[in-house]
Amino acid sequence: MDLLAGAFPMLLQGLGVTVLLGVTSFVFGSLLGALIALARISGFRALRAVAISYVSVFRGTPLLIQIMLLYFGLPQLGIQLAPIPSAILALTLFSAAYLSENFRGGILGVDKGQWEASSSIGMPYWRTFRRIVFPQAIRIATPAVGSRFIALMKDTSLASAVTVVELTRVAESVGNASFRYMEAFLVAALMYWMINTVLSIGQGMLERRLGRAY
């Protein structure tokens with residue numbers, strides 16, 4: 001316990017990097033995912049094809065390979081990224097592919113009668129989407145989006161492969177220094193569990209609030 005007590009500040013610092021990776025990637029991934037979802041349901045065939053191809057590539061290849069490609073592969077093209085930016089970029093691109101399908105499912109889950117009723121009173125397409133369809137789509141998609149956020153927070157552990165000093169990397173370093181891997185990784189696992197438990201509680205509260213609002 002004395003060793004873990006001494007390493008606890010390092011583990012907390014690693015947890016901070018993990019949260020930074022997860023939150024930043026989720027925010028940017030949500031924005032990109034929403035754009036991809038709109039492209040998937042657009043009337044432009046070429047735009048739909050690009051969006052479908054994007055989702056297919058990033059959902060069909062391992063996240064670890066994507067992180068490696070960005071960190072080790074881009075320098076061969078003259079693009080050098082530091083470990084944390086490369087990890088955030090990879091996590092963002094990867095999560096956007098999944099989140100786009102969550103958002104698309106939410107949009108398609110809204111009753112078509114909502115569109116027809118808005119059209120009948122002369123409401124423009126984008127106003128209908130922004131004021132009527134989008135809020136309902138968010139409510140429908142919230143459980144899936146929340147689950148993706150929790151999964152993304154765990155996926156940040158893969159950033160340790162490109163020397164990002166996040167929670168898993170710190171636990172590994174503590175284990176290497178002391179050969180007490182069991183204790184180090186159990187503490188790291190407990191920290192992951194605690195933060196994802198908080199996220200799960202927050203997701204439940206948001207779902208109930210949206211359920212009352214709509």
Side-chain angles (χ1 to χ4, degrees), residues 9-40 51 54-55 57-75 77 79-104 106 134 137-138 141-173 187-207 210:
M10 295 174 56
L11 290 167
L12 282 180
Q13 186 175 1
L15 179 61
V17 176
T18 291
V19 172
L20 172 67
L21 292 174
V23 172
T24 304
S25 302
F26 178 75
V27 171
F28 288 125
S30 296
L31 295 175
L32 179 58
L35 293 176
I36 296 170
L38 292 176
R40 286 289 306 270
Y54 177 94
V55 172
V57 168
F58 282 93
R59 290 181 64 183
T61 55
L63 173 57
L64 182 58
I65 295 295
Q66 296 171 26
I67 294 174
M68 294 288 193
L69 280 173
L70 290 177
Y71 185 70
F72 295 110
L74 286 182
L77 303 177
I79 303 173
Q80 185 74 46
L81 293 178
I84 289 181
S86 65
I88 289 176
L89 179 58
L91 290 165
T92 295
L93 296 175
F94 179 78
S95 62
Y98 284 89
L99 288 168
S100 68
E101 292 298 279
N102 299 149
F103 292 139
R104 185 173 71 93
F134 182 71
I138 291 297
T142 292
V145 171
S147 296
R148 172 45 46 188
F149 189 16
I150 292 172
L152 180 63
M153 196 64 70
K154 292 181 290 185
D155 288 340
T156 59
S157 62
L158 295 176
S160 62
V162 291
T163 70
V164 176
V165 187
E166 42 69 66
L167 182 56
T168 299
R169 183 80 173 190
V170 172
E172 182 182 4
S173 298
V187 172
L190 179 62
M191 287 182 167
Y192 279 113
W193 175 75
M194 289 177 63
I195 191 171
N196 285 326
T197 298
V198 171
L199 291 177
S200 297
I201 293 173
Q203 176 186 341
M205 294 173 61
L206 180 60
E207 289 179 15
L210 290 175

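Predicted model, so just to flag it, every value in this text is computed and none were measured. Just so you know, residue 1 is the first one in the sequence shown, and it goes up from there.
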**Message:** Counting C-beta onward and ignoring hydrogens, is there a side-chain heavy-atom pair between Val55 and Tyr98 closer than 4.5 Å?
**Reply:** no
**Item:** Listed partners of Phe149 passing ring-ring contact (aromatic ring centres under 6.0 Å, His included), at least two apart
**Value:** Phe26
**Item:** Beyond-backbone contact of Arg148 with Asp155, side-chain heavy atoms, under 4.5 angstrom
**Value:** yes
**Asked** How close do Gly14 and Val170 get, heavy atom to heavy atom, and via which atoms?
**Response** CA-CG2, 4.0 Å
**Message:** For Arg104, is there an ion pair with Glu101 - N to carboxylate O distance below 4.0 angstrom?
**Reply:** yes
**Prompt:** Just wondering, are more than 12 heavy atoms of other shown residues or ligands nearer than 6.0 Å to CD in Gln13?
**Reply:** no
**Asked** Do Leu21 and Val17 have side chains that get closer than 4.5 Å, going by heavy atoms?
**Response** yes
**Request:** Provide the closest heavy-atom pair for Val164 versus Arg169 in the form atom of the first, atom of the second, distance.
**Result:** O-CB, 3.3 Å
**Asked** Is there side-chain contact between Ile36 and Phe103, with at least one heavy-atom pair below 4.5 Å?
**Response** no
**Request:** Determine whether more than 12 heavy atoms belonging to other residues, nucleotides or ligands lie under 6.0 Å from atom OH of Tyr54.
**Result:** yes
**Message:** Looking at every non-hydrogen atom in both residues, tell me the closest pair between Leu64 and Ala161 and how far apart they are.
**Reply:** CD1-CB, 3.6 Å
**Request:** Given side chain to side chain donor-acceptor pair (under 3.5 Å), test Ser157 with Glu166 step by step and report yes or no.
**Result:** CA-CA 7 Å; Ser157 62; Glu166 42 69 66; 5.6 Å; no
**Message:** As a quick check of understanding, evaluate side chain to side chain donor-acceptor pair (under 3.5 Å) for Thr168 and Tyr192, giving each step before the final call.
**Reply:** CA-CA 10 Å; Thr168 299; Tyr192 279 113; 2.7 Å; yes
**Message:** I'd like to check Gln80 versus Leu74 (side-chain heavy atoms, cut-off strictly below 4.5 Å). Are they in contact?
**Reply:** no
**Prompt:** Does a side-chain heavy-atom distance below 4.5 Å link Leu93 with Leu32?
**Reply:** yes
**Item:** Leu63 vs Phe58 side-chain heavy atoms within contact, under 4.5 Å
**Value:** no
**Item:** Test item: Leu15 and Leu11 side chains (from C-beta on) under 4.5 Å apart, heavy atoms
**Value:** no
